[in-house]
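Letters A, B, ... mirror the listed sequences (proteins, then strands); counts begin at 1.
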Number of protein chains: 2
Amino acid sequence: MLTKKTKYAIKALILLGKNVDKAPLHISEIAAQEKIPEKYLGAILGELRNGGLIYSKKGAGGGYLLSKKPENISLVQILRLTDGPIAMVSCASLNYYHKCDECQDEVTCGIKSTFIFIRDACLQILSQKSIADLIAREDELRQVELLASGL
Amino acid sequence: MLTKKTKYAIKALILLGKNVDKAPLHISEIAAQEKIPEKYLGAILGELRNGGLIYSKKGAGGGYLLSKKPENISLVQILRLTDGPIAMVSCASLNYYHKCDECQDEVTCGIKSTFIFIRDACLQILSQKSIADLIAREDELRQVELLASGL
DNA sequence: TTATAGTTTATTAAATCCATAGAATTTATA
DNA sequence: TATAAATTCTATGGATTTAATAAACTATAA
């Protein structure tokens, strides 16, 4: 399961994605709109900034902006920053690898090998979906709802 | 990431899968072989038994046996028992569904919709892989190692 | 009927997650 | 250049979950 932190991160990024080419969004606007505790959101946005996904501008009129196009921010990138590894076991992780304590022989471990396969499949799915896709999907669903109510 | 509990469960099931058609495996044998704390393993095997994956026999000469064929025990079944939901957000879960606290409109939520898609993809992968596959993979890797060392 | 082996319940220890507070720093602009 | 607006950093505390242990209890094969 995703942590709340990651959910908050995704929601904030979606809001920022809808705000492209406008003035920076202030942290309090994001917090209010998405009902995220403001201070906590500050910490999360800090991590996203360190990870290069967003850009922050200090001072009066400052706030946050995406530092890439919404279509170039994939779920993998977000999850890796705020949620950690994609793999289900550490020995199968690309970015957070470490050997399992109890492991007797990594080379012949069927579990490791199988979970590397699973990891690759997950990576494929998660790298396909971007912030732009999430925004587009929301728009689609709203259209559907409108059409349905208009019958 | 999988919990240790789930890793232990998978390892125990693999051992039991190699033991089909033999006398029941005693808990202490499983614990020793896989380096799992015996008491903790007892609790885990209890859950697997309640979930219908294994069968336990009391009394002298008792122990644990698989209650299905290794090829009919998939990773999904195991994960659901010891790790909980497969979905990454609760609102996208089939077996552990509950609405997100902060959700304002589930019907038009792009996150929910996208994570249902991701859940289905994960389910597909996890239901393909069985205990029998894990055992077979281990055998394969051992063969490869043997061949390599024989050069 | 007794030793064997699993089951249940409670408790503790450690780790992780969620959130807040307050001081420090940076920057626009008056 | 002073100052108010805004982000950033550090540290801390509570809540929840995970991991593990202990002890008492129950069922059963020999």
Taking the side chain as every heavy atom from C-beta outward, state whether A:Lys11 and A:Gln33 have any pair of such atoms under 4.5 Å apart. no
Gap between atoms NZ and C1', on B:Lys35 and D:dA19 respectively (whole Å): 18 Å
Can you pull every protein N or O that's under 3.5 Å from an N or O on nucleotides 9-13 of chain C?
none

Is A:Tyr64 near enough to D:dT8 that one of its side-chain N or O atoms lies under 4.0 angstrom from OP1 or OP2? yes
Check: B:Glu140 and B:Val144 side chains under 4.5 Å, non-hydrogen atoms: no
Check nucleotides 21-24 of chain D for protein N or O atoms closer than 3.5 Å to its own N or O atoms and list the pairs.
| residue | atom | partner | partner atom | Å |
| --- | --- | --- | --- | --- |
| D:dA23 | N6 | B:Lys39 | NZ | 3.4 |

A:Leu75 side chain reached by A:Asp133 side chain, heavy atoms, under 4.5 Å: no
Among residues 75-99 of chain A, which ones have heavy-atom contacts with DNA chain D below 4.0 Å? none
Would you name the heavy atoms of A:Leu126 and B:Ile118 that are closest together and state the gap between them? CD2-CD1, 3.7 Å
Could you list the donor-acceptor pairs under 3.5 angstrom formed between side-chain atoms of residues 38-58 of chain A and any protein atom two or more places apart in sequence or on another chain?
| residue | atom | partner | partner atom | Å |
| --- | --- | --- | --- | --- |
| A:Glu47 | OE2 | A:Lys5 | NZ | 2.8 |
| A:Asn50 | ND2 | A:Gly46 | O | 3.4 |

Test: side chain to side chain donor-acceptor pair (under 3.5 Å). Region: residues 69-82 of chain A. Which pairs qualify, not counting sequence neighbours? A:Thr6-A:Thr82, A:Lys68-A:Gln77, A:Ser74-A:Gln77
Is any side-chain nitrogen or oxygen of A:Tyr8 closer than 4.0 Å to OP1 or OP2 of C:dA19? yes
Nucleotide N/O to protein N/O under 3.5 Å, stretch nucleotides 14-16 of chain D:
none

Please find the pair of heavy atoms, one from A:Leu65 and one from A:Pro24, that lie closest to each other, and give the distance. CD2-CA, 3.6 Å
Set of residues satisfying salt bridge (charged side-chain N to carboxylate O under 4.0 Å, His left out) with respect to B:Lys129, sequence neighbours excluded: none
Please state whether the phosphate of C:dG6, meaning OP1 or OP2, lies under 4.0 angstrom from any side-chain nitrogen or oxygen of B:Arg49. no
For DNA chain C, find the residues of residues 25-32 of chain A with a heavy-atom distance under 4.0 Å and give them by number; none if there aren't any. none
Within a 6.0 Å radius of atom NZ on A:Lys35, are there more than 12 heavy atoms belonging to other residues, nucleotides or ligands? no
How does protein reach along nucleotides 25-30 of chain C, written 5' to 3' as B (base within reach of a heavy atom under 4.0 Å), S (only sugar-phosphate), or - (no contact)? -SBS--
When rounded to whole Å, the CD to C1' distance for the pair A:Glu47 and D:dT7 reads 15 Å
Applying side-chain contact (heavy atoms from CB on, under 4.5 Å), run through A:Cys109 and A:Glu106 and close with a yes or a no. CA-CA 5 Å; A:Cys109 177; A:Glu106 270 200 290; 5.5 Å; no
When the distance from CD1 of A:Ile44 to C1' of D:dT8 is rounded to whole Å, what number comes out? 15 Å
State, yes or no, whether a side-chain contact exists between A:Tyr64 and A:Leu13 at a heavy-atom distance under 4.5 Å. no
Rounded off to whole Å, could you give me the CG-to-P distance for the B:Leu48 and C:dT7 pair? 11 Å
With the side chain counted from C-beta on, respond yes when A:Thr3 and A:Tyr8 share a heavy-atom pair under 4.5 Å apart, and no when they do not. no
Please list all pairs meeting side chain to side chain donor-acceptor pair (under 3.5 Å) that have one or both residues in residues 142-151 of chain A, counting only residues at least two apart or in different chains. A:Glu138-A:Arg142
Could you pull out all donor-acceptor pairs under 3.5 Å where a side-chain atom in residues 85-95 of chain A meets a protein atom, sequence neighbours excluded?
| residue | atom | partner | partner atom | Å |
| --- | --- | --- | --- | --- |
| A:Ser90 | OG | A:His98 | O | 3.0 |
| A:Ser93 | OG | A:Asn95 | N | 3.4 |
| A:Ser93 | OG | A:Tyr96 | N | 2.8 |

Would you list the pairs meeting side chain to side chain donor-acceptor pair (under 3.5 Å) in which at least one residue belongs to residues 113-128 of chain B, sequence neighbours left out? A:Arg137-B:Ser113
